[in-house]
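Since the structure is predicted, the reported quantities are computational estimates derived from the model, not experimental observations. By convention in this document, chain letters (A, B, ...) are assigned in the order of the sequence lines, proteins followed by strands, and residues within each chain are numbered from 1.
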Protein chains: 2
Amino acid sequence: MKMDERKQQILLAIIKDYISTAEPVGSRTISRKYKLGVSPATIRNEMADLEEMGFIEQPHTSAGRIPSNLGYRYYVDCLMQLEQLTEQEEGTIRSGYENKVREVGEVLNRTGRMLAQLTHYTALVQTPQLGKSSYKHIQLVLMGAAQAILIVVMDTGAVHHQMMVVPENITQQDLDQISGVLNAKLQGRTMDNIRLTLIKEIYFELARHRNILDLAIELMQDRIPSVKEDKIHLEGVFNILNQPEFHNVEKVKVLLSLLEQEGTLRDILEKPKDSQGITIKIGSENARQEIQNCSMITATYQVGDKILGSIGVLGPTRMDYARVVTVIDSMSRNLSRTLERLLKGQG
Amino acid sequence: MKMDERKQQILLAIIKDYISTAEPVGSRTISRKYKLGVSPATIRNEMADLEEMGFIEQPHTSAGRIPSNLGYRYYVDCLMQLEQLTEQEEGTIRSGYENKVREVGEVLNRTGRMLAQLTHYTALVQTPQLGKSSYKHIQLVLMGAAQAILIVVMDTGAVHHQMMVVPENITQQDLDQISGVLNAKLQGRTMDNIRLTLIKEIYFELARHRNILDLAIELMQDRIPSVKEDKIHLEGVFNILNQPEFHNVEKVKVLLSLLEQEGTLRDILEKPKDSQGITIKIGSENARQEIQNCSMITATYQVGDKILGSIGVLGPTRMDYARVVTVIDSMSRNLSRTLERLLKGQG
DNA sequence: ATTAGCACTCATCGAGAGAGAGTGCTAACA
DNA sequence: TGTTAGCACTCTCTCTCGATGAGTGCTAAT
């Protein structure tokens, strides 16, 4: 049996209708709404074929048809026509990424919020995997009253600061000296990359300031890695409540308890290693049992050539694929561009 | 009609039973479970009295009784006996606030998470209202490659930093000079408190560095207030799904759409101005229509004598008041103590 | 190849019966 | 006078059953 033009038309009609109504689609509906110039009976014959081919299925004998995972897959691969975002939506996105936003975290938050808002599904945003960041600049600044602030700038552009107590009689000159040595020894090194011998060297050169060093190095090793570099940010979780497939609370709970675990989020967002661009996982194509009635559309974002992370949208398999792909494509481009601006041209 | 010992016992039994089962309580149940030494018939008589007095009500003729708002109020004011936290729970809280946590934001996050986890309801945590913070120390640090970092320490202990572009040929000495003037003029002032004449003075003294100043002052005025100082952090929102009163999705949606708006959260958490300690709002005592089938228990936290904010727990009116009061009391004390440590004794 | 007609299936809805929980009232009892 | 057993009554909840209707597959006609 081969997939001729008319079968495609009918499959397309079923999918479109089901996406928008969440109700099984009957032959009558198709012939009425989507003028294909053939009678319901003809459509029924074709539908029987489509079912045999595995593209659609029947919830029960006297119901219409709904798309199968395979059907969605065929739609996504062959039939789907991308939409255009409206002027207004483009505007929303653009203004979300406008110049004033200067912090990476804020950009990611907004990305999530916009994704959720524009798609009405749940958005996932992975923080940039900047890789092992190395120390770029270390500076101790006296703040008066036996307090100093330790500032650590990483090569990724991230800046960490931390207040610390210093002896009463210390001067900015002392601190500069310490900063100087720390910079000389640690610049360009990653956190794991600091050998014990290096630390010894530092202590040797700065024996006089042992106690400050103790504190500073402890802070650098202990506090700074705590910045979560592999978080996945969720937004619009409640949108699932608007989906009829989640009208009973038990199903919502199953999904939510999955989404609550950071680790599984990572699995869900995960993409084939070398993939770039947009990936679509439909229903059972998802590894996780709990979201096999969901689909996940993800896209990567990058700075330069380096892929830094993914953003994704999670919704029911009966998801508006065309819409989501369009949105996520636009968002990932915008996000990449914005991060490029933030991480490279610092301003 | 007066509230004798036995009526109290019966009211207490009804409330306890209803809190744990969410089912209307009948006379038979009370006489069986809570041995009061009287027959169901006697209890029925008393219940009729309690209903007349407004403490309990009947969903319909052939059902048991459920506590009314007034009943809960009487329970909370007169009958409730606080529980003790278990060793393990005490441990959870203590370790959540242990020394290693050094950041205010992190402390608040944990507070919310623990509150939600220990109560199984929804937790609200208000960020500390530190009041108008004034500049304590301003410092520009050259970071090489025409970049500098602007560090602003507020008297509250908050530290903000921001990268900025500076001319290629600038030196740390120049930056120190600028920092010096900025400190001299701005120290002790609040953000709104900087008069135009002051800015003019600064520009006069540092005419040479006009462009750096432009940027620095813009950043100080523009970026730093963006740190959200009046946010309310929600945690455990999904816990409401486990409450039978939210078993249908529509009710969940109503509540969630309320909780999504930051402004209304503020209303909900708001307490009488001079109140301190724990406040309980039961059902219709809440201003908001949408949560009149909910109760809200809030407590303030403070550093020294100054009340900085509130934490709260939102659950159905059929909430385990004794438990929540105990937890929230312990948490608010711990939170106060921890913030005291963080904000005063910096280290 | 297409379509009208028709018998058949099955979910959904509403009505009605029965069960069960709980009450209020009455009368008996200590 | 307070307590209790007994009983009729109410009302929700659940289950069943038939009607309804949407949709199908098959057959025969075009």
Side-chain angles (χ1 to χ4, degrees), chain A residues 1-11 13-15 17-18 20-68 71 244-245 247-248, chain B residues 1-11 13-15 17-18 20-68 71 244-245 247-248:
Chain A
M1 205 172 317
K2 76 167 195 294
M3 192 69 170
D4 59 12
E5 176 67 20
R6 196 170 63 190
K7 281 197 177 54
Q8 290 193 351
Q9 292 275 324
I10 291 173
L11 178 56
I14 293 172
I15 291 181
D17 207 80
Y18 187 64
S20 67
T21 65
E23 299 289 334
V25 190
S27 54
R28 192 190 176 75
T29 311
I30 294 178
S31 107
R32 211 175 342 110
K33 273 209 225 169
Y34 306 83
K35 327 236 145 79
L36 303 183
V38 287
S39 75
T42 310
I43 293 174
R44 277 204 289 283
N45 288 332
E46 297 284 40
M47 281 163 90
D49 291 351
L50 283 169
E51 182 164 6
E52 201 180 326
M53 293 159 82
F55 292 125
I56 56 180
E57 45 199 35
Q58 247 179 324
H60 54 262
T61 355
S62 74
R65 304 305 212 291
I66 63 176
S68 67
E245 26 274 274
H247 229 55
N248 90 60
Chain B
M1 204 172 316
K2 75 168 197 294
M3 192 69 168
D4 59 12
E5 175 68 19
R6 195 170 64 189
K7 282 196 176 55
Q8 290 193 352
Q9 292 275 324
I10 292 173
L11 179 56
I14 292 172
I15 291 181
D17 207 79
Y18 187 64
S20 67
T21 66
E23 298 290 333
V25 189
S27 55
R28 192 188 176 74
T29 311
I30 293 179
S31 109
R32 210 175 342 111
K33 273 210 226 169
Y34 306 83
K35 327 238 145 81
L36 304 182
V38 288
S39 75
T42 309
I43 292 174
R44 277 205 288 284
N45 288 332
E46 297 285 40
M47 280 164 91
D49 291 351
L50 283 170
E51 181 163 6
E52 201 180 326
M53 292 159 83
F55 291 127
I56 56 180
E57 45 199 36
Q58 248 179 324
H60 55 263
T61 357
S62 75
R65 304 303 213 291
I66 62 175
S68 66
E245 26 274 275
H247 229 57
N248 89 58

*Can you name the closest pair of heavy atoms from Arg65(A) and Met47(A) and give their distance?*
CG-CE, 3.2 Å
*Work out which heavy atom in Glu46(B) is nearest to a heavy atom in Lys7(B); give both atom names and the distance.*
OE1-NZ, 3.0 Å
*Measure the distance from CD1 on Ile43(B) to P on dG22(C) and round it to the nearest whole Å.*
12 Å
_5'-most by nearest nucleotide on DNA chain D - Gly37(B) or Ala41(A)_ = Gly37(B)
*Looking at Gly71(A) and Leu11(A), what are the two nearest heavy atoms and their distance?*
O-CD2, 4.5 Å
*Write down the distance between CE (Met47(B)) and C1' (dG22(C)), rounded to a whole number of angstrom.*
9 Å
*Quick one: Glu23(A) CD to dC10(C) C1', roughly how many Å, whole number?*
16 Å
*For DNA chain D, whose closest nucleotide is more 5', that of Glu51(A) or that of Asn45(B)?*
Asn45(B)
*Which nucleotide sits closest to the side chain of Thr29(B): dT3(C), dC10(C), dG22(C)?*
dG22(C)
*Where is the tightest heavy-atom contact between Phe55(A) and Met3(A), given as atom of each residue plus distance?*
CE1-SD, 3.9 Å
*Return the nearest nucleotide to the side chain of Ser39(A); candidates are dT9(C), dT3(C), dG20(C).*
dT3(C)
*Whole-Å distance between dT2(C) C1' and Asp49(A) CG?*
14 Å
*Find the distance between CD1 (Ile14(B)) and CD1 (Ile56(B)) and round it off to the nearest 0.5 Å.*
4.0 Å
*Gln58(A) side-chain N/O to Ala63(A) backbone N/O, donor-acceptor pair under 3.5 Å*: yes
*Gap between atoms CZ and P, on Arg28(B) and dA21(C) respectively (whole Å)*: 8 Å
*Return the value, rounded to whole Å, for the distance between atom CD1 of Ile56(B) and atom P of dG22(C).*
14 Å
*When you check the phosphate oxygens OP1 and OP2 of dT2(C), does a side-chain N or O of Thr42(A) lie under 4.0 Å from one of them?*
no
*Would you say Ser68(A)'s side chain and Gly54(A)'s backbone share a donor-acceptor pair under 3.5 angstrom?*
yes
*Contact boundaries of DNA chain D with chain B (under 4.0 Å, heavy atoms), 5' to 3'?*
dT3(D) to dT12(D)
*Tell me what Ala63(A) touches on the nucleic acid: a base, only sugar-phosphate, or nothing, going by heavy atoms under 4.0 Å.*
sugar-phosphate
